[in-house]
Amino acid sequence: MKLLSKINRTYFKYGIFIFLIADVVIILMSNYILKDEMDQQLKLETEVIAETIAREGNFHSAYPTDIAKEILYSEIGIESSKDTLIYEANEDELLPYREFTAYKTINGKHYKIITRQMLMEFDDIFSLYTALISTVLGLIFVLVLLFTHKMNAILWETFNKNVDLLKNYSFRSNEKLQLNTTGIDEFDDLNQVVTNMSNRLEKDYHASKEFSANAAHELQTPLAIIRNKCENLFSEKDLKIETIQSIREIYLSADRLSGITKALLLLAKIDHGQFNETEEVSLHQLIKLRIENLEDILYDRNLIVDINAPQDCLVKMDMRLANLLIQNITTNAINYSPSSKIIEIKITQNQFSISNFGESPIKNPESIFNRFYKESESSKSTGIGLALVKKIADHYGMTIHYSFKNFKHLFTFKLPIC
């Protein structure tokens, strides 16, 4: 949820709460003020009635609003005002009145004077004031909302531009990150922190990239020399069998270390985003081509590859990484498949899978894509192949699922839905 939307929702939520409180408070205050004003008016009417009695000697009562009657001295009380209900025959209901009672001594006689005035029913008061308050507060709320929205749009405009700059910024570009000044201290402080962090990360990125390239180059050179020296030693005459075996182990170790170095360099390049070229790749065609190149190995081990492709799987990716992905998963299936078995490959529009026979499931399937993970120390695997496959899959948003069923290792690759 966007911040502005959250702010507006908060305004709306608390606006309703404030409205309810204001409605009750205003109704109670209005009711109090109305009754106080009515009491003052009723007192004036009482004085008028008293003056009429003093002048004329009597007063013709008008029930139920103006009543004056003579009473005994013992019946004299204190002035009071209250709400009361009086039955109206015409309306056939009890109607609310405000009543003021006063006691006067006029010309030696004692009188009880009652004046009344009809009140609005509470339901009518509540409906009237609620409608009025709703209209006023509703207009205020809409005006505040519009004003806030306009002000937020102005205040957040530069911030949103900076967010777009951050989304599109890449360390691979030669341009420095330049964020716009907002004129707001908090935002400008944030811009400064982000810019400083970006500069440090950019330096680390280029240093890591340069180190990977230099390390790979520096390692490949002595490894190539070691292999060449081993090849030269193989051509020497009169070598003992033990010496030949030692040279062979040195050569294979150097060759294996060279493969690990190349794989680690590839992983670093993928992390640094150096494979940016994309094209539509047919995985069916790549797999067919790869299997054709492995025909001799498949023939020697009497392995059969069954490709089931009712639909082609087309994916936009770097051709080099696509080849590397297919190369590693097919090589893995061949290396770990028993001889004289079938390797099954199924290709559909949004996924592809490869399976090979196995004696038992992988002990730690959650670790098979970790770098240098091997099921046993005796394995000749470098432990990099599947890590490289996972890195490529993650780079293009693919998901990999491993399962073991019916003595088959199954790797399923699902493409992201565009």
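In this chain, numbering begins with 1 at the start of the sequence shown. A quick note: this is a predicted structure, and the numbers were derived from the prediction, not measured.
- Across Ile354 and Thr330, no two heavy atoms sit closer than the pair CD1-CA, 4.1 Å.
- With salt bridges taken as basic N to acidic carboxylate O contacts below 4.0 Å, none links Glu51 and Lys104.
- At distances below 3.5 Å, at least one donor-acceptor pair connects side-chain atoms of Asn199 with backbone N or O atoms of Thr195.
- In this structure, Ser198 contributes its side chain and Val194 its backbone to no donor-acceptor pair below 3.5 Å.
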Stepwise side-chain contact (heavy atoms from CB on, under 4.5 Å) test for Leu286 and Asn323:
CA-CA 7 Å; Leu286 281 183; Asn323 277 312; 3.1 Å; yes
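- Checked by atom type and distance alone, the side chain of Thr101 never pairs as donor or acceptor with a backbone atom of Ile114 at under 3.5 Å.
- Judged by distance alone, with hydrogens and angles left aside, the side-chain atoms of Asn162 form a donor-acceptor pair with the main-chain N or O of Asn180 at under 3.5 Å.
- For Phe352 and Phe413, the gap between ring centers is short of 6.0 Å.
- One N or O on the side chain of Asn228 and one on the backbone of Ala224 form a donor-acceptor pair closer than 3.5 Å.
- Atom CD of Glu37 sits in a sparse spot, with 12 or fewer heavy atoms from other residues, nucleotides or ligands closer than 6.0 Å.
- Within a 6.0 Å sphere centred on CD1 of Ile78, other residues, nucleotides and ligands contribute 12 heavy atoms or fewer.
- Within a 6.0 Å sphere centred on OH of Tyr299, heavy atoms belonging to other residues, nucleotides or ligands number 12 at most.
- Other residues, nucleotides and ligands place no more than 12 heavy atoms under 6.0 Å from the CG atom of Asn406.
- Looking at His284 and Ile307, their side chains come closer than 4.5 Å, going by heavy atoms from C-beta outward.
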If you apply the rule side-chain hydrogen bond (donor to acceptor under 3.5 Å, both in side chains), what do you find for Gln192 with Asn196, and how did you get there?
CA-CA 6 Å; Gln192 188 62 44; Asn196 293 338; 3.2 Å; yes
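- The main-chain N or O of Ala62 is never found under 3.5 Å from a side-chain atom of Asp66 such that the two would form a donor-acceptor pair.
- The side-chain hydrogen bond (donor to acceptor under 3.5 Å, both in side chains) search around Gln327 returns none, not counting sequence neighbours.
- Taking the side-chain hydrogen bond (donor to acceptor under 3.5 Å, both in side chains) definition, one finds that Gln117 meets it with nothing, sequence neighbours left out.
- Taking a 6.0 Å sphere around CD of Glu359, one finds it holds 12 or fewer heavy atoms contributed by other residues, nucleotides or ligands.
- Residues Asp318 and Tyr396 form a side-chain contact, since some pair of their non-hydrogen atoms from C-beta on lies under 4.5 Å apart.
- Taking the six-membered ring for Trp and thresholds of 30 and 60 degrees, His409 and Phe404 have ring planes inclined between 30 and 60 degrees apart.
- Looking at Lys390 and Asp394, a side-chain N of the basic residue comes within less than 4.0 Å of a carboxylate O on the acidic one, giving a salt bridge.
- With hydrogens and angles ignored, the 3.5 Å screen pairs a side-chain donor or acceptor of Arg301 with a backbone N or O of Ile334.
- Put simply, the side chain of Tyr103 does not reach to within 4.5 Å of the side chain of His110, judged on heavy atoms.
- Taken to the nearest 0.5 Å, the CZ atom of Arg98 stands 10.5 Å off from the NZ atom of Lys82.
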